[in-house]
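Comments concern the structure below.
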Amino acid sequence: MDARHRILLLDDDPDLLDMYREILAQLPSKPLIRTASSGARALAMLEADPYRLLICDLKMPKMDGLQVLSIVRRKFPELRTVALTSVLDEQFRSRAYALGVDLFWNKPGTEQEIQMFLECLESLLGPDAQPGFRGLQSKSLVDIVQLECMSMSSSVLRISNGVFTGRIWIQNGELIDAEAGGLKAEEAFLNILTWKAGHFETLPPDPARPRSIHKSYNALLLESVQALDESRGQTADPQSDPAASSSLARISQVEGIEFLLGLKNGQDQPHVARGLEDPERMAAWARQTLTAFRALGERLWAGPFEELDGLGPQRHVALASQGGMDFCLGWRHSMAAPQVREMTRKVLALWDS
Amino acid sequence: MGFLGLFQKPAPSLLRLPAGSFTVDRHGAVLTTTLPSHFPPDLVRGMAEIVLSAFRGATEAQLPLSEIVVHYPSLKITARSMRGGALIFLAPKAPYAPVMSSPSSTVYA
């Protein structure tokens with residue numbers, strides 16, 4: 001049997017298929033090149049024979065390239081994929097990478113671009129540099145931690161969620177430590193697992209890290225999943241919602257915050273109020289001001305209102321929205337305006353997480 | 001052929017967000033302005049009313065403010081309270097453009 005890698009080239013334009021077949025014939029590893037002119041045909045060919053690489057056009061009739069790539073990612077997770085397009089749109093680039101393509105490439109037009117394209121393809125045809133998981137963008141943090149622990153790995157997971165960053169230390173498949181913001185050990189680990197989205201990277205192991213988590217990863221994951229299940233489907237009333245209470249507790253520890261007011265649309269009473277003697281009066285001002293500046297933004301076509309920062313000799317204030325709720329936050333008067341804006345974003349992210 | 005122009009739709013004109021500043025007194029009357037003349041005066045007056053109302057409402061809520069900074073995706077409004085009136089700066093924001101110089105904010109030590 002021929003040991004050469006197979007490449008499947010998918011494009012609805014037969015002339016382009018011929019041209020790219022000739023270009024790919026220049027690859028040093030001399031792979032076998034097959035072509036398909038429709039997504040359905042390409043999927044049938046992938047079912048029939050093992051391929052190493054799929055090069056896929058994005059703009060095609062019936063089944064477009066993004067559809068093909070999403071099917072391929074599920075059915076053939078080991079297949080390497082390249083999106084090749086003449087559509088110069090950043091949105092398509094980010095969507096293709098979100099689907100897990102290995103390479104997004106604008107159709108080469110010059111000799112130099114063709115050479116670079118061939119070099120990239122050759123590296124994709126080569127052996128895996130190191131074993132690893134693919135398509136992690138669709139996995140939850142619980143899945144990632146479980147995979148690391150089950151494979152008895154030693155690593156440090158660095159996870160970021162907006163302005164927050166956390167680290168989880170794993171040694172020989174055991175969770176040994178975690179930190180996030182001011183939190184440490186189990187508390188930090190459980191906090192990180194409440195983050196709904198973000199990015200993560202695997203850092204080299206840190207064997208010198210002292211162990212502060214002594215529970216098994218299974219027990220901790222179970223605890224976190226139970227906590228998430230309990231908080232799901234409940235109202236955000238801080239009196240009855242442990243998640244909201246926990247968010248408020250974390251927010252009240254933020255350096256410089258003096259009061260917090262949460263307002264829900266259609267409700268006269270403040271939803272959340274901390275640190276204010278007369279929350280009703282402040283709520284009335286916040287509502288009126290937000291309404292007026294939102295309307296002004298529409299009149300000016302300046303885009304949706306983002307934030308108002310008010311600076312005063314006694315204290316500063318910020319008005320902003322997050323998750324369908326309006327917030328009025330009081331800040332220490334010694335803070336500068338950029339600091340107020342930055343800390344307000346941090347508080348909103350804390351509330352959202 | 002000139003009469004064919006009668007049937008042409010007028011080209012839509014977009015309101016350009018201006019860069020500049022203006023001052024208003026406590027009643028909302030515009031005293032001085034560096035805004036371009038094409039910018040509608042009623043929008044300037046409307047903006048002044050909203051800003052003055054925000055300053056007054058904050059004082060009534062026991063939160064006196066001397067400066068308000070409002071952020072929109074394409075515009076930043078900075079308003080400074082001046083003896084009941086206000087000095088208001090408008091600074092359009094363009095994505096990927098270098099940060100425009102804007103008045104430095106007051107810092108309370």
Side-chain angles (χ1 to χ4, degrees), chain A residues 90 256 258-259 261 270 275-321 328-342 344-345, chain B residues 12-19 35 39-40 42-81 86 88-96 99 102-109:
Chain A
E90 284 305 310
E258 296 203 340
F259 68 80
L261 195 62
L276 277 167
E277 285 179 12
D278 188 356
E280 299 297 329
R281 190 154 53 173
M282 188 62 77
W285 172 76
R287 277 201 194 92
Q288 191 185 352
T289 306
L290 280 167
T291 305
F293 278 106
R294 281 189 180 127
L296 179 65
E298 285 171 16
R299 277 186 78 188
L300 293 170
W301 299 342
F305 170 86
E306 288 178 340
E307 186 178 328
L308 177 148
D309 300 320
L311 308 179
Q314 295 165 6
R315 54 174 57 163
H316 301 333
V317 67
L319 299 179
S321 302
C328 177
L329 305 171
W331 293 103
R332 194 186 297 150
H333 71 94
S334 56
M335 292 166 72
Q339 206 182 353
V340 169
R341 188 158 157 80
E342 185 193 329
T344 298
R345 285 180 180 183
Chain B
S13 60
L14 283 171
L15 175 71
R16 280 188 65 81
L17 291 170
L35 296 177
F39 194 66
D42 59 323
L43 266 180
V44 178
R45 282 194 296 273
M47 206 180 303
E49 276 170 25
I50 291 170
V51 165
L52 292 178
S53 171
F55 277 128
R56 277 189 212 118
T59 306
E60 286 163 13
Q62 309 294 321
L63 184 75
L65 298 176
S66 55
E67 184 171 318
I68 286 174
V69 186
V70 188
H71 298 271
Y72 297 100
S74 54
L75 182 71
K76 179 182 169 187
I77 301 175
T78 305
R80 287 190 185 148
S81 178
I88 300 168
F89 298 88
L90 305 184
K93 293 189 236 174
Y96 312 117
V99 176
S102 58
S104 59
S105 296
T106 314
V107 177
Y108 298 93

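Just the heavy atoms: all of them, side chains too, but no hydrogens, waters or symmetry mates, feed the values below. Letters go in sequence order (proteins before strands), and every chain restarts at 1.
- Note: Leu43(B) CG to Leu296(A) CG = 7.5 Å, rounded to the nearest 0.5 Å.
- Using a 4.5 Å cut-off between heavy atoms, Glu49(B) does not touch chain A at all.
- Atom-to-atom distance recorded for Gln288(A):CD and Arg56(B):CZ is 11.0 Å, nearest 0.5 angstrom.
- The distance from the CG atom of Leu319(A) to the NE2 atom of His71(B) is 11.5 Å, given to the nearest 0.5 Å.
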Chi angles and distances behind the side-chain contact (heavy atoms from CB on, under 4.5 Å) call for Leu300(A), Met47(B): CA-CA 10 Å; Leu300(A) 293 170; Met47(B) 206 180 303; 4.1 Å; yes
Leu65(B)/Val317(A) under side-chain contact (heavy atoms from CB on, under 4.5 Å): CA gap, chis, key distance, verdict: CA-CA 9 Å; Leu65(B) 298 176; Val317(A) 67; 4.0 Å; yes
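- Minimum heavy-atom separation, Trp285(A) to Gly57(B): CD1-C, 3.2 Å.
- Expressed to the nearest 0.5 Å, how far OH of Tyr72(B) lies from CZ of Arg294(A) amounts to 10.0 Å.
- A distance of 9.5 Å separates CD of Glu67(B) from CG of Asp309(A), quoted to the nearest 0.5 Å.
- When atom types are taken as modelled, the side chain of Ser66(B) and the backbone of Pro313(A) share no donor-acceptor pair closer than 3.5 angstrom.
- The contact between Arg341(A) and chain B is made entirely by side chain atoms (from C-beta outward), counting heavy-atom distances below 4.5 Å.
- Rounding to the nearest 0.5 Å gives a distance of 7.0 Å between CD1 of Ile68(B) and OG1 of Thr289(A).
- Your options are Ala54(B), Ala79(B), Ser81(B), and the one with the most heavy-atom pairs under 4.5 Å with chain A is Ala54(B).
- Exactly one of Arg315(A), Met282(A), Gln314(A), Arg281(A) qualifies for a side chain to side chain contact (heavy atoms under 4.5 Å, CB included) with Gln62(B). That residue is Arg281(A).
- Between Asp42(B) and Arg299(A) a salt bridge is recorded (basic side-chain N to carboxylate O distance below 4.0 Å).
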Chi angles and distances behind the side-chain contact (heavy atoms from CB on, under 4.5 Å) call for Val51(B), Phe293(A): CA-CA 9 Å; Val51(B) 165; Phe293(A) 278 106; 4.2 Å; yes
